[in-house]
Amino acid sequence: MEVAAHEKLEKIQELKNLGVKPYNGRFEKTHTVSAIRTGEASLVASGERVRTAGRLMAIRRHGRALFADLQDHTGRIQIYVKRDVLGDDRFAVFRAIDVGDLVGVEGEVFRTHAGELTVLVRDFVFLGKCLHPLPEKWHGLKDVEVRYRKRYLDLIMNPEVREIFLLRSRLIREIRAFLDARGFIEVETPMMQVVPGGALARPFKTFHNALGMELYLRIAPELFLKRLVVGGFEKVYEINRNFRNEGISVRHNPEFTMLELYEAYGNYETMMRLCEELIASVVFKLFGTYTVTYQGMTIDFTPPWKRIVLPEVLYEKTGVDVLEDPLDVIREKVRALGMAFDENWDRGKFVNELLERFVQPELVHPTFVLDYPVEISPLAKAKEDDPRLAERFELFIGREEIGNAYSELNDPFEQRKRFEEQARKKAKGDLEAHSIDEDYIEALEYGMPPTGGLGIGIDRLVMLLTNVSSIREVILFPLLRPVGD
RNA sequence: GGGCCGUUAGCUCAGUAGGUAGAGCACCGGACUUUUAAUCCGGGUGUCGCAGGUUCGAUUCCUGCACGGCUCACCA
């Protein structure tokens, strides 16, 4: 135990000497703090007693009385503790309570001369000792590393952090409500997979002892959700974690949360309409407006959203015709644009890089970018009128990629060809190439309806809606290196 | 993984052109029954991230390491 806690241990002894158990007790609340505020008029008029509980965030002692600020998950309220109300013995007990301790109080609600809504404490129960001093009341806890490592302290001290995670919770609840209302069913598919698929990414590897086999943490639930579509679940979704063994940055955490949904008999058109309706309606539910400010940008979510065709917009912005230009011509033009590139980049890689460099910075308002090259979309159906392109779109908002969707490839023969192409890439050392999943092909062989699929990065959506620039601010416990001794 | 920056009291931060360090809040003791960054009086509680090096002497200069932030690379 640290030195800092030493005096607190003496406080525990003092409490015990006064007959108070430092960790026992229970308490039934009649009101949360916000309920007291909401019900102020009738509570003050009636003199009704309320019972509420929380953590003491500040204590102002005045000899034979004291004021304290009690915080629960809904807010803070002042309490007033007087010796002539409690009696000498009980008041002495309260005097032994520290900032950070947990208490339950009972009393009536009034306003002080200064106009502060206050609970006059008639009785109280000690509910838990805090052995460490809380961070400073005025500046709070600022140290980013400590905030992430001790998120509980961050949540105690920083109400705006609490708000971020409350909003995250409400957002996910609204998404579920939206999808449930449209007949989607929520499912859970394997996190541990024998063949990691559904995305182009490097997986985490683990090992099952009893079965004696390697397993992978999933990089996406896609192939399992589509097996369910084959099985007759025509509208399914899953909101859960994906794991990708890649670099960490302000927009990447090794585990992150995705919404994936599939709708049988739809396609990427269907998904565009569903996507804008889903996000726009959830934004409106949360904020009562379609306008959100993100990092200085004003983002308008009012549907319908802008659609741009990727090969066309790339040609407009860069003069590169990613479909017709031979690879060496593309290289020549990209060189002329002054952009660095690698000699082994293929067409798909150039598309991604040009998009990121020349188009993405302008995509502030929600924008669907349509028609990606087939070679970087191995699970998507090709366009009828141009087999080089997939019926696929990505959604950009606030210059960030938020979603990805396509008409699902349901032709098992074509899927096998695509997998084999990926296998060739993998053989050439592409660590992110898709694995061949024979079991999935067999599922397709039973017949999958034409289907639209959509993925939305929940963490990034929360970032947009809470105006934070780091993904760690929207993940309660982001991955950090352990601190050494 | 590369580059840049950071790490000093429980917290937020100063500081030492090399002589083992300060402020506010918190905390401890005292006064105070409507305060609210309460106030008033008294008290500094520290491995200056870790390990080496240079030096009579290192928190300060040098090197390495750890952790974090930003950024590039990779990706969603």
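What you see below is based on every heavy atom in this structure, not just the backbone, and it leaves out hydrogens, waters and symmetry mates. What you are looking at is a predicted structure, and each value in this text was computed from that prediction instead of being measured. Lettering follows sequence order; numbering is per chain, from 1.
- One finds no side-chain N or O of Arg61(A) lying less than 4.0 angstrom from the OP1 or OP2 phosphate oxygen of C40(B).
- Side-chain atoms of Arg149(A) lie closest to C67(B) of the nucleotides C67(B), U33(B), U36(B).
- With a cut-off of 3.5 Å on both Watson-Crick or G-U wobble distances, the partner of U35(B) is given as none.
- With Phe224(A) as the aromatic partner, Arg227(A) meets the cation-pi criteria of under 6.0 angstrom to the ring centre and within 45 degrees of the ring axis.
- Look at G1(B): its Watson-Crick or wobble partner, with both distances under 3.5 angstrom, is C72(B).
- The pair Glu145(A)-Arg481(A) does not meet the salt-bridge criterion, since no charged nitrogen lies less than 4.0 angstrom from a carboxylate oxygen.
- For C11(B), the OP1/OP2 oxygens have no side-chain nitrogen or oxygen of Lys142(A) closer than 4.0 Å.
- A cation-pi arrangement is present between Arg90(A) and Phe124(A) under the rule of less than 6.0 angstrom and at most 45 degrees off the ring axis.
- Residue Arg244(A) has no polar side-chain atom (N or O) positioned under 4.0 Å from OP1 or OP2 of C74(B).
- Here C28(B) is the nucleotide among C27(B), C28(B), U36(B) with the atom lying nearest to any side-chain atom of Lys11(A).
- Side-chain polar atoms of Tyr80(A) and Glu116(A) form no donor-acceptor pair below 3.5 angstrom.
- Here U12(B) is the nucleotide among A37(B), C67(B), U12(B) with the atom lying nearest to any side-chain atom of Asp143(A).
- Comparing atom distances between the Lys349(A) side chain and each of U34(B), U12(B), C74(B) picks out C74(B) as nearest.
- You'll find that the side chain of Glu136(A) is closest to G24(B), out of G24(B), A38(B), A73(B).
- In the set U12(B), C70(B), A76(B), A76(B) carries the atom at the smallest distance from any side-chain atom of Arg460(A).
- The side chain of Arg64(A) contributes an N or O atom lying less than 4.0 Å from OP1 or OP2 of U33(B).
- With RNA chain B read from its 5' end, the first of the two nearest nucleotides for Leu479(A) and Asp98(A) is the one closest to Asp98(A).
- On the C1' atoms, U54(B) is 34 Å away from U71(B), given to the nearest whole Å.
- In this structure, Gly247(A) reaches the bases: a heavy-atom distance under 4.0 Å links it to at least one base atom across the strands shown.
- Between C48(B) and G22(B), the two P atoms lie 14 Å apart (nearest whole Å).
- No aromatic stack links Trp138(A) and the base of G24(B), using centre distance under 5.5 Å and interplanar angle under 30°.
- In this structure, the NE2 atom of His132(A) is 11 Å from the P atom of C11(B), given to the nearest Å.
- Mapping Leu141(A) and Ala199(A) onto RNA chain B via the closest heavy atom, the residue that lands nearer the 5' end is Leu141(A).
- Between the P atoms of A73(B) and G3(B), the separation comes to 16 Å (whole Å).
- Figure legend: Arg392(A) and Tyr372(A) shown as a cation-pi pair, the cationic atom lying under 6.0 angstrom from the six-membered ring centre and within 45 degrees of its axis.
- Among the heavy atoms of the strands lying under 4.0 Å from Glu432(A) are primed sugar atoms or P, OP1, OP2 only; no base atom is included.
- Between Asp154(A) and Arg147(A), the shortest heavy-atom distance links the atoms OD1-NE, 2.8 Å.
- Atom-to-atom, CZ of Phe110(A) to P of U34(B) comes out at 11 Å; the value is rounded to the nearest Å.
- Counting only heavy atoms from C-beta outward, the side chains of Met258(A) and Ile239(A) never approach each other to under 4.5 Å.
- In this structure, Asp342(A) reaches neither bases nor backbone, as no heavy-atom distance under 4.0 Å exists between it and the strands shown.
- Side-chain nitrogen and oxygen atoms of Arg481(A) include at least one within less than 4.0 Å of the OP1 or OP2 phosphate oxygen of C67(B).
- Checked against the 6.0 Å centroid criterion, the rings of Tyr406(A) and Phe393(A) do not qualify as a close aromatic pair.
- Annotation: A51(B) and A9(B) have their P atoms spaced 16 Å apart (nearest Å).
- As judged by a 4.0 angstrom heavy-atom cut-off over every strand, Leu200(A) is placed among residues touching the sugar-phosphate backbone only.
- In this structure, the nucleotide among U33(B), A26(B), U12(B) sitting nearest to the side chain of His62(A) is U33(B).
- Residue side chain Glu116(A) does not reach the base of U34(B) through any donor-acceptor N/O pair under 3.5 Å, judged by distance alone.
- Rounded to whole angstrom, the span from the CD1 atom of Ile239(A) across to the P atom of A76(B) amounts to 20 Å.
- Only the C1' atoms considered, G42(B) is 25 Å distant from U36(B), to the nearest whole Å.
- G2(B) sits 24 Å from U60(B) when the P atoms are compared, rounded to a whole Å.
- Across the P atoms, G44(B) and A21(B) are found 14 Å apart, a figure rounded to whole Å.
- For the pair Tyr372(A) OH and A76(B) P, the interatomic distance rounds to 10 Å; values are reported in whole Å.
- Counting non-hydrogen atoms under 4.0 angstrom, Gly403(A) reaches nothing in the nucleic acid.
- Look at U7(B): its Watson-Crick or wobble partner, with both distances under 3.5 angstrom, is A66(B).
- Across all strands shown, Glu401(A) has heavy atoms under 4.0 Å from sugar-phosphate atoms exclusively, and none from any base.
- As rounded to whole Å, 6 Å separates atom P of G69(B) from atom OH of Tyr148(A).
- At a threshold of 4.0 Å, the pair Glu277(A)-Arg273(A) does not count as salt-bridged, since none of the basic side-chain nitrogens sits closer than that to a carboxylate oxygen.
- Within 4.0 Å (heavy atoms only), Ala201(A) reaches no atom of the nucleic acid at all.
- Taking atom CD1 of residue Ile248(A) and atom C1' of nucleotide A73(B), one finds them 14 Å apart after rounding to whole Å.
- When each of U35(B), A76(B), U33(B) is scored by its nearest atom to the side-chain atoms of Phe67(A), the top-ranked nucleotide is U35(B).
- Of all non-hydrogen atoms in Ala68(A) and Leu56(A), the two that sit nearest each other are CB-CD2, 4.1 Å.
- Searching all strands for a Watson-Crick or G-U wobble partner of C56(B) with both distances below 3.5 Å returns G19(B).
- Remark: P of A76(B) and CG of Asn404(A) are 8 Å apart, rounded to the nearest angstrom.
- The residue Val146(A) sits apart from the nucleic acid: no heavy atom pair falls under 4.0 Å.
- Checked by distance alone, Asp69(A) brings no side-chain donor or acceptor within 3.5 Å of a matching partner on the base of U36(B).
- Taking every side-chain heavy atom of Thr112(A) into account, U36(B) is the closest of G68(B), U36(B), A76(B).
- If you check every strand for non-hydrogen atoms under 4.0 Å, Arg472(A) touches sugar and phosphate atoms only.
- Using C1' as the reference atom, U16(B) and U8(B) are 11 Å apart when rounded to the nearest Å.
- In this structure, CD of Glu246(A) is placed 17 Å from P of C72(B), rounded to the nearest angstrom.
- Nucleic acid contact class of Leu480(A) (heavy atoms, under 4.0 Å, all strands): sugar-phosphate only.
- Within the 4.0 Å cut-off from OP1 or OP2 of G24(B), not a single side-chain nitrogen or oxygen of Lys137(A) is found.
- The aromatic ring of His113(A) stacks onto the base of U34(B), its centre lying under 5.5 Å from the centre of the six-membered base ring with the two planes under 30° apart.
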